[in-house]
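A short write-up of the structure that comes next.
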2 protein chains.
Amino acid sequence: MAGSTDRAADLTIQEMARRSGFTEPTLRYYEKIGLLGRVARDESSGHRRYDPATADRVEALACLRSAGMTVSGMRRYLDLLARGDSAAAEQRDLFAVQAEKLAADIERLRLRLAYLRGKADLWDARVRGDTDAEKRAIDDVTRVMNQFTD
Amino acid sequence: MAGSTDRAADLTIQEMARRSGFTEPTLRYYEKIGLLGRVARDESSGHRRYDPATADRVEALACLRSAGMTVSGMRRYLDLLARGDSAAAEQRDLFAVQAEKLAADIERLRLRLAYLRGKADLWDARVRGDTDAEKRAIDDVTRVMNQFTD
DNA sequence: TCCGGCACCTCAAGCGCTTGAGGTCAAACC
DNA sequence: GGTTTGACCTCAAGCGCTTGAGGTGCCGGA
């Protein structure tokens with residue numbers, strides 16, 4: 001029958017956390033505030049079991065969250081989802097906007113990564129007592145930092 | 001004289017926020033919990049003024065924070081800073097570790113960006129009633145989602 | 001059989017900001 | 001010369017998790 005619980009594809013909270021990048025407490029928290037709807041439980045143990053549909057939903061939320069979406073934004077998304085194809089244009093716009101935000105974030109992070117690597121190089125030069133490499137490293141870091149200004 | 005406050009290079013809290021990516025409240029908060037040491041104030045208005053040395057420190061903290069470093073981690077970093085060249089090896093390791101973490105984070109985010117773009121395409125196909133493009137978009141998204149599994 | 005050890009559970013408190021309320025001061029405009 | 005605008009201030013409360021305390025049930029040895 002439909003809605004049966006015999007498929008072993010359901011995820012434990014640990015697996016769900018690994019896939020989504022949310023921590024286990026966060027998953028419990030999201031459930032508590034109503035973002036995940038009803039999450040099934042294993043009959044005997046009472047442990048959570050994430051079915052494929054719920055897992056997809058959690059993964060979508062994780063991507064939106066990465067793009068900086070707040071909990072209330074996620075609720076709005078879930079409302080759109082419930083409206084199905086009649087909200088297709090809104091869905092498209094929502095994903096497009098979040099994608100742009102995330103792309104911009106990633107650019108900023110790449111700069112910061114360059115900074116961290118530059119600083120690692122700088123201290124490495126100091127450890128090695130290589131004053132030439134140190135000068136070059138300082139130049140590099142300075143060049144990166146100037147890009148923060150914009 | 002040394003330590004004079006006449007250079008106009010000092011940043012307002014707004015400018016500091018823009019450069020560092022921290023919000024203004026976060027900058028006030030960090031100051032309050034002792035991460036920034038003493039931040040100078042404009043004599044007449046009482047407004048904060050971030051001098052170049054403080055600004056550098058804030059930018060370093062911002063990069064470390066991007067890599068997921070906690071407040072207590074940042075305190076440890078500031079301790080190392082205070083120890084100067086005698087802690088060079090630790091500094092190198094700290095920056096190297098954070099750089100690797102950030103690099104891994106960025107990789108995960110790129111995947112999520114691909115997901116968001118894929119979903120935007122999918123809903124766009126639905127808006128346009130293009131069932132062929134919709135099928136392709138579903139395939140794309142599915143392919144991306146499979147990569148979450150690892 | 002009993003003994004970890006581990007994955008999960010709940011509930012409460014804490015942390016790291018964020019938001020809001022309420023106020024000061026300085027330049028800018030009627 | 002008032003008044004509006006905008007950047008800043010402080011203090012308190014709220015939000016979104018995170019951490020910790022304390023407990024249950026299962027599973028693989030000794």
Side-chain angles (χ1 to χ4, degrees), chain A residues 5 8 10-36 38-51 54-55 57-78 98 101 105 108, chain B residues 5 8 10-36 38-51 54-55 58-78 98 101 105:
Chain A
T5 58
D10 296 0
L11 304 175
T12 65
I13 195 169
Q14 184 179 227
E15 291 162 343
M16 190 71 258
R18 237 188 103 333
R19 283 205 195 188
S20 65
F22 290 130
T23 65
E24 297 178 19
T26 300
L27 289 169
R28 293 188 192 103
Y29 173 71
Y30 279 8
E31 181 180 346
K32 186 171 149 194
I33 64 172
L35 278 183
L36 307 187
R38 206 140 196 54
V39 174
R41 301 293 182 121
D42 179 272
E43 278 290 308
S44 67
S45 65
H47 293 184
R48 289 168 178 83
R49 294 293 177 249
Y50 297 83
D51 61 39
T54 307
R57 185 165 161 154
V58 171
E59 274 165 16
L61 291 177
C63 292
L64 293 168
R65 186 79 262 256
S66 292
M69 185 174 270
T70 63
V71 166
S72 56
M74 294 193 263
R75 284 195 214 279
R76 254 173 278 135
Y77 161 68
L78 294 172
Q98 295 308 118
K101 273 193 196 156
D105 273 16
R108 257 171 260 126
Chain B
T5 58
D10 295 1
L11 303 175
T12 64
I13 194 169
Q14 185 179 224
E15 291 161 344
M16 189 72 260
R18 237 187 106 329
R19 282 205 196 187
S20 64
F22 289 133
T23 65
E24 298 179 17
T26 300
L27 288 168
R28 294 189 191 103
Y29 174 70
Y30 279 8
E31 181 180 347
K32 187 172 149 193
I33 64 170
L35 278 183
L36 307 187
R38 203 137 198 57
V39 174
R41 300 293 182 120
D42 178 273
E43 277 290 308
S44 65
S45 66
H47 294 184
R48 288 168 178 83
R49 294 293 176 250
Y50 297 82
D51 61 38
T54 307
V58 171
E59 274 165 15
L61 291 177
C63 292
L64 293 168
R65 187 78 261 258
S66 293
M69 183 174 271
T70 63
V71 166
S72 57
M74 294 192 261
R75 284 195 215 279
R76 255 173 277 135
Y77 161 67
L78 294 172
Q98 296 307 118
K101 272 192 197 158
D105 273 16

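Basis for what follows: all heavy atoms, side chains included, without hydrogens, waters or symmetry-related copies.
Rounded to an integer number of Å, the gap from CD of A:E31 to P of C:dC8 is 14 Å. Here the P atom of nucleotide D:dG16 and the OH atom of A:Y30 are 8 Å apart, to the nearest Å. The CD1 atom of B:I13 sits 14 Å away from the C1' atom of C:dC17 (whole-angstrom rounding). The separation between A:M16 atom CE and C:dC9 atom P is 14 Å, rounded to whole Å. Rounded to whole Å, the distance from NE2 on A:H47 to P on D:dC26 is 8 Å. Here D:dC26 presents its P atom at 9 Å from CG of A:D42, a figure rounded to the nearest Å. Remark: C1' of C:dA12 and OH of A:Y29 are 15 Å apart, rounded to the nearest angstrom. With rounding to whole Å, B:K32 atom NZ is found 10 Å from D:dT10 atom P.
Proximity of B:T26 to the phosphate of C:dC17: no side-chain N or O atom is located under 4.0 Å from OP1 or OP2. Of the side-chain N and O atoms in B:R41, none sit less than 4.0 angstrom from OP1 or OP2 of C:dC25.
Rounding to the nearest 0.5 Å gives a distance of 10.5 Å between OG of A:S66 and CD of A:Q98.
Taking each heavy atom of B:L36 and B:V58 in turn, the nearest pair found is CD2-CG2, 4.0 Å. Nearest heavy atoms, B:A17 versus B:L27: N-CD1, 3.7 Å.
The residue A:T12 sits close only to the backbone: its heavy atoms come under 4.0 Å of sugar-phosphate atoms, none of a base. When heavy atoms are screened at a 4.0 angstrom cut-off, B:R48 is found touching the sugar-phosphate backbone but no base atom. Residue-level contact check: A:T70 touches neither bases nor backbone, having no heavy atom under 4.0 Å from any strand. Backbone-only engagement by B:R65 is indicated by non-hydrogen atom pairs under 4.0 Å involving sugar-phosphate atoms exclusively.
Among the nucleotides C:dC8, D:dC17, C:dG16, the one closest to any side-chain atom of A:Q14 is C:dC8.
A salt bridge does not link A:E15 to A:R19: none of the charged side-chain nitrogens sits closer than 4.0 Å to a carboxylate oxygen.
The only member of A:R57, A:R38, A:R41 that meets salt bridge (charged side-chain N to carboxylate O under 4.0 Å, His left out) when paired with A:E31 is A:R41.
Between A:I33 and A:S45, the residue anchored closer to the 5' end of DNA chain D is A:I33, taking for each the nucleotide with the nearest heavy atom.
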